[in-house]
Amino acid sequence: MINVGLLIIRLVIGLLFVGHGAQKLFGWFGGHGLKGTGGWFESIGMKPGVKMALFAGLAEFIGGILFVLGLLTPLAGIIIAGTMVMAIVKVHGPNGLWATDNGYEYNLTLLVVAIGVALTGPGQYALDIFLF
């Protein structure tokens, strides 16, 4: 059953990251695309905004795909965790822990799940099984 549990975790977390990346890259799912996200990044001091939005979007999109597939899972976990560290440092950290105050509670949870799966392994239902 642990393999099914790891698959469910990877699917949900990975697909959410794919969605967030698609918001930044393509404007899908209510996102603002590179230009809109880049403008917001500029407003919080991340310059050049469009380039930073591209990097963030690619990290979320590719990291999410790798996580879903269980492919290069430690790398996927590091990529996802890295995006959450940046979200905490640049956006949510100053607001404290709780999500109700726009804090970093959710980001920390995603970071810990990504690192936990990266350290534990993706489970039996993963492409890494064929590689390692």
Side-chain angles (χ1 to χ4, degrees):
M1 291 307 283
I2 193 164
N3 292 306
V4 173
L6 286 166
L7 176 63
I8 291 168
I9 291 168
R10 285 193 357 259
L11 288 174
V12 171
I13 300 301
L15 288 173
L16 288 172
F17 272 91
V18 170
H20 276 278
Q23 287 178 319
K24 289 174 181 68
L25 295 171
F26 314 120
W28 297 352
F29 311 117
H32 301 286
L34 286 175
K35 188 173 182 180
T37 304
W40 181 72
F41 275 17
E42 290 261 349
S43 77
I44 62 169
M46 295 179 69
K47 297 178 182 181
V50 171
K51 186 182 244 182
M52 297 303 287
L54 175 64
F55 290 151
L58 287 173
E60 291 175 347
F61 194 77
I62 293 169
I65 289 171
L66 292 173
F67 207 70
V68 165
L69 296 174
L71 178 62
L72 305 174
T73 305
L75 176 62
I78 290 168
I79 292 169
I80 289 171
T83 63
M84 291 300 91
V85 167
M86 287 302 296
I88 291 168
V89 169
K90 295 302 287 182
V91 180
H92 300 284
N95 300 321
L97 175 63
W98 302 112
T100 51
D101 295 323
N102 199 32
Y104 61 92
E105 171 187 10
Y106 180 64
N107 308 99
L108 180 62
T109 301
L110 293 172
L111 186 156
V112 169
V113 168
I115 294 296
V117 171
L119 292 173
T120 303
Q124 180 180 349
Y125 307 116
L127 292 180
D128 279 350
I129 295 302
F130 301 107
L131 297 176
F132 305 104

**Report entry** Asn107/Leu111 under side chain to side chain contact (heavy atoms under 4.5 Å, CB included): CA gap, chis, key distance, verdict
**Finding:** CA-CA 6 Å; Asn107 308 99; Leu111 186 156; over 6 Å; no
Query raised in the report: What do the steps show when you test Phe17 against Ile79 for side chain to side chain contact (heavy atoms under 4.5 Å, CB included), and what is the final call?
Result: CA-CA 11 Å; Phe17 272 91; Ile79 292 169; over 6 Å; no
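Here the shortest heavy-atom pairing between Gly70 and Pro122 reads CA-CB, 4.1 Å. Summarising the geometry of Trp28 relative to Gln23, their closest heavy-atom pair is O-CG, 3.1 Å, with the distance given to 0.1 Å. Residues Ala76 and Gly63 come closest through the heavy atom pair CB-O, 3.7 Å. Scanning all heavy atoms of the two residues, the minimum distance from Gly38 to Ala53 falls at N-CB, 3.8 Å. The shortest heavy-atom contact between Asn3 and Gly123 is OD1-CA, 3.3 Å. Contact between Ile65 and Val18 at its shortest, heavy atoms only, is N-CG2, 3.5 Å.
Interatomic distance, CG of Asn102 versus NE2 of His92, reported as 5.0 Å (0.5 Å rounding). Here the straight-line distance linking atom CG of Leu110 with atom CD1 of Ile80 works out to 8.5 Å at 0.5 Å rounding. The CG atom of Leu72 sits 13.0 Å away from atom CZ of Phe67, with the distance rounded to the nearest 0.5 Å. In this structure, Ile129 CD1 and Thr73 OG1 are separated by 8.5 Å, a value rounded to the nearest 0.5 Å. Rounded to the nearest 0.5 Å, atoms CD1 (Ile13) and OG1 (Thr109) are 9.0 Å apart. How far CD of Glu42 is from NZ of Lys51: 12.0 Å, rounded to the nearest 0.5 Å.
At a threshold of 4.5 Å between side-chain heavy atoms, the hydrophobic network of Ile, Leu, Val, Met, Phe, Trp and Tyr places Leu15 and Ile62 in two separate groups. In terms of hydrophobic clustering, with Ile, Leu, Val, Met, Phe, Trp and Tyr side chains grouped at heavy-atom distances under 4.5 Å, Val12 and Ile2 are assigned to a common cluster. At a threshold of 4.5 Å between side-chain heavy atoms, the hydrophobic network of Ile, Leu, Val, Met, Phe, Trp and Tyr places Ile78 and Met86 in two separate groups.
In this structure, Trp40 and Lys24 have side chains that are not in contact, with every pair of non-hydrogen atoms separated by 4.5 Å or more. Contact check for Tyr125 versus Val4: side-chain heavy atoms found under the 4.5 Å cut-off. For the pair Leu54 and Phe41, the minimum side-chain heavy-atom distance is 4.5 Å or more.
More than 12 heavy atoms of other residues, nucleotides or ligands sit less than 6.0 Å from atom CG of Leu119.
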